[in-house]
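Excluded from the calculations below are hydrogen atoms, water molecules and symmetry mates; all remaining heavy atoms, backbone and side chain alike, are included. Ligands are counted one by one from 1 in listed order, and the atoms in each one are counted from 1 as well.
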Amino acid sequence: MNGQMMQQPLLISSLLTHAERHHGDREVVSRRVEGDIHRTTYKAMAARSRRMAKALAALGVQRSDRVATLAWNGYRHMELYYAVSGSGAVLHTLNPRLHPDQVTYIADHAEDQVLCFDLTFLPLIQAVAGRTKTVKHWVAMTDRAHMPVGAAAAGIPNLLCYEDLIESQDDRYSWPSFDENTASSLCYTSGTTGNPKGVLYSHRSTVLHTFAIALPDSLNCSAMDCILPVVPMFHVNAWGLPYAACMVGAKLVFPGAGLDGKSLYELFEAEQVTVSAGVPTVWQALLSYVEANGLKFSTMRRTVIGGSACPPAMLRTFGDTYDVRVLHAWGMTEMSPVGTVAAFKPRHAALSREARYAVMSTQGRCVYPVDMKIVDEAGHELAWGTEASGDVLVRGPFIVSRYFKDEGGDPLRHDGETGWFPTGDVARIDADGYMQITDRSKDVIKSGGEWIGSIDLENIAMAHPAVAMAACIAAHHPKWDERPLLVVVKKPGAELTREALLAFYEGKIAKWWTPDDVVFVDAIPLGATGKMQKNRLREQFKDYKLPTA
Ligand code: ADP
């Protein structure tokens, strides 16, 4: 017997229509690439999204066609999120930090029909416009007065102006209804190895993920909040915040290209931001600025940190000095992306501050409906609550089942009804279900057959007051095969020796885990999503001779 409830597909457009109808006057504020601060409301934005949906249709965009963006976080990008997916096309958020060759490869692979870009990325557009095979229209996300002309526009065929497209239509448009399993958006994994692979989300998976992240023990989003996603809208849909903000009716603030400490801090304060989200490297810049200028956060209460491990030292600085609660979260492109969040359980209330920080620095516990297990090399499930770490496998309705165009073949391990997705991360899970990532499988250091977790070693280094950034990689060792080598960037003006840093490890870890050597460098290469590129470091130090005692 079927239930007798209304059949309403879970569509992305419903998030916007909800925000428009129930939170219509709530503000959306953006720092524009033109330089000024722009203010609008959900009501006005929804009307513009409908106009854009009509404009795209007039350009010939059909259901399931890919419409790409190369853009910062801003209201026009948000309008496209809804105009493209809402009308049944697929929003493909390209990462502008990638090399032009990669952008070309990905745009061709995705068969993008239209590409919308912020003016900042004009040089990148000029580098790719003559090369991509399928893009028919290039849309500059600006008004007529700021349109590139002359040499700046040369070589870009069919260059259109975003505001002209909006002007060309009225807002009488009804969002179409279709199967909730229809594809809605496409993101490519940053592809630290091999070619980038596309993850194709559906309306259903996106709406379910939005519910999941908005919950109190996830990112705890509410109408009372003012959310500033620092995490780019080209990095796994800004972790879902542009959808969650509509679902709950929160005020939204977009930082545009202003991701330096000063610009972010000014926006946090001026707009009374309560919640933010981003990768650790961004917070480092912000904290240095706030610290150097003796400032405080007057409204910020929570910040979500993920994408790579949040150093416990950062989580403490936020908590002890600024009274900002860090929500450490873990996930990946293939998971929409949020899988776990380090939210407390009742028994943590009685713990000391120290012990609570220890819970907060794990990657957290599963967000419903994500399920997780760790397995050994033979694929056998490992028990929770032991020191054993294993490969992390996940499953759930917003986790990838295969890559776009079946790139790379079937990624799942088939045991059980849905199969499990191997994340490539290595972790242990405690008795309460909190996961602690010890490494990515490709970053693991294997010393004499035993695993050494590079993240633990980096976290300790990061707790040293003279260290700005630290990466721990495997260096070749004649006896142990691999041993940890610590690559460190010092804070400006700080004094630190190899010996002093190695002494700092004493008593904090098993002695055999202590790095064999330290090299000081000016900078550690960061990838397109702000993560340390350890593969490049490994390449750089592949012939490094460790001291042999
Ligand atoms: P890529 O795998 O290409 O870097 P993603 O942006 O999807 O692309 O990154 C997902 C990976 O980032 C995870 O598999 C994990 O290794 C790492 N990661 C994400 N969040 C965390 C976290 N909180 N702690 C440690 N690692 C994390």
May I have the step-by-step check of side-chain contact (heavy atoms from CB on, under 4.5 Å) for Tyr243 and His209, ending in yes or no? CA-CA 9 Å; Tyr243 303 118; His209 180 262; over 6 Å; no
Taking the inter-plane angle between the rings of Tyr265 and Tyr289 on a 0 to 90° scale, is it parallel (under 30°), tilted (30 to 60°) or perpendicular (over 60°)? tilted
Contacting atoms of ligand 1, where contact means under 4.0 angstrom from a heavy atom of Gly307: 12 (O), 17 (C), 18 (N), 19 (C), 20 (N), 21 (C), 27 (C)
Any sub-3.5 Å donor-acceptor pair from Trp330's side-chain atoms to Gly339's backbone N or O? no
If you measure every N or O of Asp425 against every N or O of ligand 1, does any of those distances drop under 3.5 Å? yes
With a 3.5 Å cut-off and sequence neighbours excluded, list the donor-acceptor pairs that the side chains of residues 380-390 form with protein atoms.
{"from": "Thr386", "atom 1": "OG1", "to": "Ala388", "atom 2": "N", "distance (Å)": "3.0"}

Name of the residue among Ile227, Asn220, Val324 meeting side-chain contact (heavy atoms from CB on, under 4.5 Å) with Arg302: Asn220
Looking only at distances, can you tell me whether any N or O atom of His328, backbone or side chain, sits closer than 3.5 Å to an N or O atom of ligand 1? yes
Could you check, using the six-membered ring where one of them is a Trp, whether His109 and Tyr188 have ring centers closer than 6.0 angstrom? yes
Could you check, using the six-membered ring where one of them is a Trp, whether Trp72 and Phe121 have ring centers closer than 6.0 angstrom? yes
What part of Ser308 sits under 4.0 Å from ligand 1 if we count only heavy atoms: the side chain, the backbone, both or neither? backbone
I want to know if ligand 1 touches Ile437 in the polar sense, i.e. an N/O pair below 3.5 angstrom. no
Note: ligand 1 atoms sitting under 4.0 Å from heavy atoms of Ala309 are 22 (C), 24 (N), 25 (C), 26 (N)
Any atom of ligand 1 sitting under 4.0 Å from a heavy atom of Gly331? yes
Counting heavy atoms only, which part of Met332 comes closer than 4.0 Å to ligand 1: side chain, backbone, both or neither? both
With sequence neighbours left out, which residue pairs that include part of residues 408-443 fulfil the ring pair (Phe, Tyr, Trp, His ring centres under 6.0 Å) condition? His348-Tyr434
Per-atom contacts of ligand 1 with Thr333, taking only distances under 4.0 Å to non-hydrogen atoms: 5 (P), 6 (O), 7 (O), 8 (O)
At less than 4.0 angstrom from any non-hydrogen atom of Ala329, what atoms of ligand 1 do you find? 20 (N), 22 (C), 23 (N)
Do any nitrogen or oxygen atoms of Arg440 come within less than 3.5 Å of a nitrogen or oxygen of ligand 1? yes
Quick one: does His235 get within less than 4.0 Å of ligand 1, heavy atoms only? yes
